[in-house]
Amino acid sequence: MTADDRGAGPPGPPGPLCLVTGATGYIGGRLVPELLAAGLRVRCLARSPDRLRDHPWAGEVEVVRGDVMDAASVAAALRGVEVAYYLVHALGTGKDFEETDRRAARIFGEQARAAGVRRLVYLGGLTPDGVPERELSPHLRSRAEVGRILLGSGVPTAVLRAAVVIGSGSASFEMLRYLTERLPVMVTPSWVRTRIQPVAVRDVLRALVGGALMPDDVNRAFDIGGPDVLTYREMMIRYAAVAGLPRRLILPVPVLSPGLSSRWVGLVTPVPASIARPLTESLRHEVVCHEHDIARYAPDPPGHPVGFDEAVRLALQRVRDAKVTTRWSSASLPGAPSDPLPTDPDWAGGSLYTDHRELYVDAPRTSLWRVIEGIGGDNGWYSLPLAWAVRGWLDRLAGGVGLRRGRRDPDRLRVGDSLDFWRVEEIEPGRLLRLRAEMRLPGLAWLEMYAETDDAGRTRFRQRALFHPRGLLGHAYWWSVSPFHAVVFGGMARNIARAARSDAAARTGERAEAP
């Protein structure tokens, strides 16, 4: 864990068993080690357990496969559990996401009661005081409804309500960071004048851990926030000061609708419009805490909760040190393809197109693997940077994620990491990297890269692109782009081999210069 994300005390004797849903997400992935540090036992419920395989705490927890929409798998996951954390939501899964959230919360509450769970803990959104629920954004309205469902489940529930979470890798922080850093002069929508009470991620985690230890008679919502109440404009100005940037000129105008705002944010920041829209819609109303009762169960650290400036400083330090443990993109984006690589060309009754490249590399296999594992992000994709950039922009215009997600870590990857518009589906250190495409495509796509040693001891690089078309449009897409594969994929293979040779030469030179 990093210093800005720690909130729990030293490990103690084994405690109650906690179930964490959403462990592949931003908050869930950080909560698990906090619970372990507090001496609690942890079980994680995940649709794809392999996504948790490479986390540093994976060997200390139990992972079960399941889905919150499947009552049977939820019931099995809750068996023997005392405290269950509900950290999932269906935001962006379609126009019916509120109904999906509603059904999932009811299933979870019913199964928790049947299993004899002692407590539920839910992280929701801070709602504005005095605003009718019908006027809230769909995002906040659904979060509030889920909280009510769990509070009425018959299981004592702690609903924690937070506004903007400031921490390395959070969507809110990334949005603030990129808007401020990239735009010294901004014409902004009126929501930049809305008062907000941001909260540091370490204080959110401390409150969540405290939720597990609450007495059985506590069944209520808690507002959680930091000590500062700021407008979004003030947050950008103070971010610039902490980051050492010149003062930003911010000009609010009343004309940008939530839809236009989200597209503006999506173009400037790595956060796609599908996620930016609920974030910006939630900023239309003032979101300020009206109580701080959570301190009874999760006492504040000496002094007070982390202030905004300190939260930004800590988050920026983690970004600069490349120690971001989870990111907003840790969770799969709604609508992104999630099917595993087919093992049979006739999978799903269709074709599987492939582009295969293979060449020998005059460099050690370790150098080749370093290049493979370091691909993407600031290192790029080793062929036609302009073509990749254009493909990224086209994806964003189509509502996709584009190339701006970058990497969580500049050197290391783990299963489940987002990597520009790909996601790591499999990694065998030193041998295989398999990426699954999350860009908008009429089909499913993968990219595999292998570092191998043949029988003669030579280093061999293998690269395979695979595409499973969806309908006639999918077939047409493959044949329309296949003429460019020799340039794009062929160039990639050659440049990766060249980069591996350069890596080997540089390391040989370093050894030669060493005393």
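Quick note: numbers below take in every heavy atom, side chains included, and nothing from hydrogens, waters or symmetry partners.
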- Looking only at atom types and distance, does a side-chain atom of Asn495 sit under 3.5 Å from a main-chain N or O of Gly491, one as donor and one as acceptor? yes
- Between Asp355 and Arg357, does at least one N-O distance fall below 4.0 Å, as a salt bridge requires? yes
- Item | Least distance between heavy atoms, Ala162 atom then Leu123 atom | CB-CD1, 4.4 Å
- Is a side-chain donor or acceptor of Arg407 paired with a backbone partner of Ile375 at a separation under 3.5 angstrom? yes
- Query: For Phe108, what residues pass the ring pair (Phe, Tyr, Trp, His ring centres under 6.0 Å) criterion, not counting sequence neighbours?
  - Reply: Tyr86
- Nearest heavy-atom neighbours spanning Asp362 and Arg501: O-CG, 3.4 Å
- Full working for side chain to side chain contact (heavy atoms under 4.5 Å, CB included) between Tyr232 and Ile196: CA-CA 7 Å; Tyr232 205 88; Ile196 306 160; 3.8 Å; yes
- Message: For Phe461, give me all partners under ring pair (Phe, Tyr, Trp, His ring centres under 6.0 Å), at least two apart in sequence or on another chain.
- Response: none
- Item | Check ion pair Arg405-Asp420 (N to O, under 4.0 angstrom) | no
- Message: Checking the side chain of Ser170 only, and the main-chain atoms of Ile166 only, is there a donor and an acceptor separated by less than 3.5 Å?
- Response: no
- Item | Tyr353/Trp479 aromatic ring centres below 6.0 Å | yes
- Query: Do Ser367 and Arg370 have side-chain N/O donor and acceptor atoms under 3.5 Å apart?
  - Reply: yes
- Determine, for Asp409 against Arg412, whether the closest basic-nitrogen to carboxylate-oxygen distance falls under 4.0 angstrom. no
- Item | With Trp57 via ring pair (Phe, Tyr, Trp, His ring centres under 6.0 Å) - residues at least two apart | His55
- Message: Can you confirm if the aromatic rings of Phe467 and Tyr477 lie within a centre distance of less than 6.0 Å?
- Response: yes
- Task: Applying side chain to side chain donor-acceptor pair (under 3.5 Å), run through Arg30 and Thr326 and close with a yes or a no.
- Result: CA-CA 7 Å; Arg30 298 187 181 210; Thr326 62; 2.7 Å; yes
- Task: Can you sort out the partners of Glu452 under side-chain hydrogen bond (donor to acceptor under 3.5 Å, both in side chains), two or more places apart, ordered by chain and number?
- Result: Arg460, Arg462
- Query: If you look only at pairs with a residue in residues 52-65, which of them pass as a salt bridge (Lys or Arg N to Asp or Glu O under 4.0 Å), with sequence neighbours excluded?
  - Reply: Arg43-Glu62, Arg53-Glu426
- Item | Check: Leu444 main-chain N/O paired with Arg436 side-chain donor or acceptor under 3.5 Å | no
- Item | Cationic N near anionic O, under 4.0 Å, Arg440 to Asp395 | no
- Sub-3.5 Å donor-acceptor pair from the side chain of Thr21 to the main-chain atoms of Leu87, do we have one? yes
- Item | side chain to side chain contact (heavy atoms under 4.5 Å, CB included) between Ile496 and Leu368, worked out | CA-CA 8 Å; Ile496 286 175; Leu368 175 59; 3.8 Å; yes
- Is atom CZ of Phe484 surrounded by more than 12 heavy atoms (other residues, nucleotides or ligands) closer than 6.0 Å? no
- Item | Phe489: partners by ring pair (Phe, Tyr, Trp, His ring centres under 6.0 Å), with sequence neighbours left out | His485
- Message: Has Ser73 got a side-chain atom pairing as donor or acceptor with Asp70's backbone, closer than 3.5 angstrom?
- Response: yes
- Between the side chain of Tyr382 and the main-chain N/O of Ala499, is any donor-acceptor distance below 3.5 Å? no
- Query: Are Trp446 and Glu425 close enough, and set up right, to give a side chain to side chain donor-acceptor pair (under 3.5 Å), and what steps lead you there?
  - Reply: CA-CA 9 Å; Trp446 296 264; Glu425 181 173 284; 3.2 Å; yes
- Message: For the backbone of Ala451 and the side chain of Arg365, can you confirm whether one donor and one acceptor N or O come within less than 3.5 Å of each other?
- Response: yes
- Is Thr459 reaching over with its side chain to a backbone N or O of Ala363, donor-acceptor style, under 3.5 angstrom? yes
- Considering all heavy atoms of both residues, which atom of Met449 and which atom of Leu447 are nearest to each other, and what is their separation? CE-CD2, 4.1 Å
- Task: Please check if the side chain of Ser383 supplies one atom and the backbone of Val488 the other of a donor-acceptor pair under 3.5 Å.
- Result: yes
- Write down the atom of Tyr239, the atom of Arg177, and the distance for their closest heavy-atom approach. OH-CG, 3.0 Å
- Check Val415 against Asp50 and note the closest heavy-atom contact, atom names and distance. CG1-O, 3.2 Å
- Task: Grab the two heavy atoms, one from Leu52 and one from Ala23, that are nearest each other, plus how far apart they are.
- Result: CD2-O, 3.7 Å
- Query: Taking it one step at a time, do Arg161 and Thr127 satisfy side chain to side chain donor-acceptor pair (under 3.5 Å)?
  - Reply: CA-CA 8 Å; Arg161 309 191 310 167; Thr127 52; 2.8 Å; yes
